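Data first, discussion second: the structure below is written as structure tokens.
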There are 2 protein chains.
Amino acid sequence: MKRHQVTIIDIAKELNLSKSTVSRALTGHKSVKPETRQAVLELAEKLDYQRNMLAISLITKKTNTIGIIVPEFKSSYFPTAIIGAQEVASKAGYTTVICQSDERYETEVANTRVMLANQVDGVLVSITKETLNYDHLKIFQRKGIPIVFFNRVCDEMEVPKVIVDDYDGAYRAVNYLIESGRKRIAHLAGPFSLKISEKRINGYKAALRKHNVPYDEELLISYDLNIEKVKIYVTHLLNLDNPPDAIFAVNDPTAIEAIQVIRKRGLRVPEDIAVVGFSNDFVSGLIDPPLTTVSQPVREIGRTAAQLLIDQINREVADWKTIIKVLKTELVIRKSS
Amino acid sequence: MKRHQVTIIDIAKELNLSKSTVSRALTGHKSVKPETRQAVLELAEKLDYQRNMLAISLITKKTNTIGIIVPEFKSSYFPTAIIGAQEVASKAGYTTVICQSDERYETEVANTRVMLANQVDGVLVSITKETLNYDHLKIFQRKGIPIVFFNRVCDEMEVPKVIVDDYDGAYRAVNYLIESGRKRIAHLAGPFSLKISEKRINGYKAALRKHNVPYDEELLISYDLNIEKVKIYVTHLLNLDNPPDAIFAVNDPTAIEAIQVIRKRGLRVPEDIAVVGFSNDFVSGLIDPPLTTVSQPVREIGRTAAQLLIDQINREVADWKTIIKVLKTELVIRKSS
DNA sequence: CTGTTAGCGCGTTCAT
DNA sequence: ATGAACGCGCTAACAG
């Protein structure tokens, strides 16, 4: 556990120079004699010297680190978004610290503490389905640390957000179902605590309205995204006196699980019931039947969010923007509908 | 960009105490008068005070951070392993810094620098398919920073490793294919640079040998895991004068892609050609036909690796162990074979 | 129980 | 072109 770190002092001694000179040589200051710099650089290389970012950050008050807090890693959504964010961040010289909150509010709060303690320069956040109180996130604002939401956003905070047009995506999905002859379309929705659920519900309702399909409360089920419960809800829907002939699911895992349940009941997809998902997860094209779904530019969402965050970091607090970027979705029609 | 951080001094002044007392109160030292501690804690809470881990780490030379370097995020494998690792790490009070190297050697080297500069207490590594030189990883050892490999390990470094019994998994998969009547079994293998490829190839060959099935060079194709190339190789195999009646793929994405190619040629899986994968990715049970595959305890791998790493961190360098944990695989038989 | 002093490794003045 | 001195926020001796 006792390790010796190579420091500037070590190489200063070795070369009979002052620490400041070595420091300057290392940081690429011009006012250093070329041969001195050369010698320093060589020795540093030879000794595997690495600048201690902790010390530097302590002085500069900048860690060149951005934090990313996401609710889960189960679907391909967040890993993909993170890749996008990292692309932009690392190009701009930022390291990323990733925390996943496991869809639990308490964990999310703990994660924010970690971020704060590690002095991140900014955070990218997608909240859990449990998050109703935002005090832990507002701390960032108060401390002058920019925050950008993506996907699961917090409405009561005026900060940049990156979302997709959930309303429009849902609208188009349901519209398509109706136009292909479906009469009773159920919606397995997400929890009301998430804005995305609400918007998708609104899109769903709007599409029904447009075609004068009466909205039937019985066919709208909002649930907590705990995938195990899908079975209960789908079974319930199938047992209705007047069961649906289509299900629009709030996301792909829900849709996929719904298909399994439907098939176990001996019904066919899409002949008996059409199923449409949301997000176009990596798996969706591979399952049987391939899933019709609303595709989101996930990687682009990550990239955009990271870019907005870095822009904020480079701005004075007074100049912070509250842009909301709304990216487009696209309906991908496959065999499940 | 100019933010004011709340420091111990701020709260010391406010309370007319010395910094050390405040510090002690904050760190839960016993030798502090209860009411003093109470006052400190309350004010800290009120001011959103967060201990500056940078400063603490600088002194204690411990960041309570472990780095994780993985090659990719495309399949569910690494995200799942990371969740396992985080479970253990966070329980032990460690934050994780995750870097993905995008299967590129250069990126991996850059990532190690990031880890070093940020003074991680230890690293978990799974190398890229390009990594042939390990100097960048040996630096950790030289600096006394423990390293633990998982999945994609480095043979020439004597450090803890967590792997599965690749040889055995491959052996059982191929054995099963032969016993279910397949005569010509091809193997779409990974690059030779990865130990896991080699071991799976050996398992493949051993199973053939056991059943006196002659090994045919033509049926063994090692490729770089660039999924786009699967089409070429599978097409090639199908065009052979004596084409295979089964394909054992080095991983699930390869197997899944192979199935798509086979079907596009108008052949049936498993009737014409059986396909078996490796890893049991999340998708594998959902695709059509559900994939027979060798399942790995991925999350457990992550947990084990993290635990080994933390053990190393808590040991003196001289006491470092070089345990190699070999976890068991399991053949999951589904419809593709 | 509390205060004082000395650094951790480094960038940054201000000198020379 | 280089050195000396100071301080980032904090913990860890050492004193009472």
Side-chain angles (χ1 to χ4, degrees), chain A residues 1-41 43-44 47-65 116-121 143-144, chain B residues 1-41 43-44 47-65 116-121 143-144:
Chain A
M1 276 195 57
K2 170 84 131 315
R3 46 181 106 111
H4 182 63
Q5 170 154 26
V6 182
T7 73
I8 283 194
I9 298 191
D10 295 327
I11 102 163
K13 269 188 195 146
E14 188 83 17
L15 261 38
N16 253 320
L17 288 169
S18 74
K19 304 130 212 204
S20 7
T21 305
V22 175
S23 170
R24 283 191 273 255
L26 255 15
T27 47
H29 247 261
K30 50 213 97 222
S31 63
V32 178
K33 210 197 301 177
E35 52 240 62
T36 311
R37 151 168 303 121
Q38 181 68 7
V40 169
L41 259 34
L43 188 56
L47 299 180
D48 285 332
Y49 169 78
Q50 290 282 347
R51 297 161 71 196
N52 186 333
M53 292 310 291
L54 295 180
I56 296 177
S57 299
L58 192 58
I59 297 174
T60 61
K61 292 183 182 302
K62 192 153 191 312
T63 52
N64 288 306
T65 300
L116 246 18
N118 286 292
Q119 316 283 121
V120 295
D121 291 335
K143 299 222 179 222
Chain B
M1 277 193 54
K2 170 84 128 316
R3 49 181 103 110
H4 181 64
Q5 169 153 26
V6 182
T7 73
I8 283 193
I9 298 191
D10 295 328
I11 102 163
K13 267 188 197 146
E14 188 83 16
L15 261 39
N16 255 319
L17 290 169
S18 72
K19 303 130 214 203
S20 8
T21 304
V22 175
S23 170
R24 283 192 274 256
L26 255 16
T27 49
H29 246 261
K30 51 213 93 221
S31 59
V32 179
K33 209 198 300 177
E35 53 238 63
T36 311
R37 149 166 307 117
Q38 180 67 7
V40 170
L41 259 34
L43 187 56
L47 299 179
D48 285 332
Y49 169 78
Q50 290 283 343
R51 297 160 70 197
N52 186 333
M53 292 310 290
L54 295 180
I56 296 177
S57 299
L58 191 60
I59 297 172
T60 61
K61 292 185 183 301
K62 191 151 192 312
T63 52
N64 289 307
T65 300
L116 246 18
N118 287 293
Q119 315 286 119
V120 294
D121 292 335
K143 298 223 180 219

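What you see is a predicted model; the values in this text were computed from it and never measured. Naming convention: chains lettered A, B, ... in sequence-line order (proteins, then strands); numbering from 1 in each chain.
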Looking only at side-chain N and O atoms, does B:T60 come under 4.0 Å of OP1 or OP2 in C:dC8?
-> no

Has B:K19 got a side-chain N or O lying under 4.0 Å from the OP1 or OP2 atom of C:dT5?
-> no

Could you please spell out the steps behind the side chain to side chain contact (heavy atoms under 4.5 Å, CB included) verdict for A:N52 and B:L58?
-> CA-CA 9 Å; A:N52 186 333; B:L58 191 60; 3.9 Å; yes

D:dT2 OP1/OP2 closer than 4.0 Å to side-chain N/O of A:T21 | no

Counting distance only, does the side-chain N/O of B:T27 pair as donor-acceptor with the main-chain N or O of B:S23 below 3.5 Å?
-> yes

Take B:L54 and A:K30, find for each the nucleotide of DNA chain D with the closest heavy atom, and name the residue whose nucleotide sits nearer the 5' end.
-> A:K30

Rounded distance (Å) that lies between atom P of D:dC10 and atom CG of B:L26 | 8 Å

Within the distance-only criterion (no hydrogens, no angle test), does the side chain of A:K143 pair as donor or acceptor with the backbone N or O of B:D48 below 3.5 angstrom?
-> yes

What's the NZ-P distance between B:K61 and C:dG7, to the nearest Å?
-> 14 Å

Rounded to the Å, how far apart are B:D10 CG and D:dC8 P?
-> 11 Å

If you check the A:K33 side chain, which of D:dG9, D:dT2, C:dT12 turns out closest?
-> D:dT2

Confirm from the modelled atom types if B:S20 and C:dT4 form a donor-acceptor pair under 3.5 Å, side chain to base only.
-> yes

When rounded to whole Å, the CG to C1' distance for the pair B:L58 and C:dG11 reads 13 Å

Note: for B:N16 and B:I59 on DNA chain C, the residue whose nearest nucleotide lies more 5' is B:N16

Would you indicate, yes or no, if D:dA4 has its OP1 or OP2 atom less than 4.0 angstrom from a side-chain nitrogen or oxygen of A:S18?
-> no

Whole-Å gap separating P (C:dG11) and CD1 (A:I9) = 12 Å

To the nearest Å, how far apart are A:K143 NZ and D:dG9 P?
-> 12 Å

Counting side-chain heavy atoms from CB outward, which of C:dG11, D:dG9, C:dG9 is closest to A:I56?
-> C:dG11

Taking the side chain of A:I8 as heavy atoms from C-beta outward, which of D:dA1, D:dC10, C:dC10 is closest to it?
-> C:dC10

B:T36/B:L15 under side chain to side chain contact (heavy atoms under 4.5 Å, CB included): CA gap, chis, key distance, verdict | CA-CA 9 Å; B:T36 311; B:L15 261 39; over 6 Å; no

Tightest non-hydrogen contact, residues B:Y49 and B:L26, listed as CE2-CD2, 3.6 Å

Out of C:dC1, D:dG9, C:dC10, which nucleotide sits closest to the side chain of B:P34?
-> C:dC1

Look at A:Y49 and C:dC10 and indicate whether a side-chain polar atom (N or O) is within less than 4.0 Å of OP1 or OP2.
-> yes

Proximity to the side chain of A:R51 - top-ranked nucleotide from D:dC8, C:dG11, D:dG3 | C:dG11

Base, sugar-phosphate, or nothing: which does B:S57 touch, judged by heavy atoms less than 4.0 Å apart?
-> nothing

Taking atom types as they are modelled, is there a donor-acceptor pair under 3.5 Å from the base of D:dG3 to the side chain of A:R24?
-> yes

Whole angstrom value for the distance that separates P of C:dT2 from NE2 of B:H29 | 13 Å

Would you indicate whether the side-chain heavy atoms of B:V40 and B:L17 approach each other to under 4.5 Å?
-> yes

Counting any heavy atom closer than 4.0 Å, what does A:S31 reach on the DNA or RNA strands: base, sugar-phosphate only, or nothing?
-> base

Here the distance between atom C1' of C:dG3 and atom CG of B:L15, to the nearest Å, is 15 Å

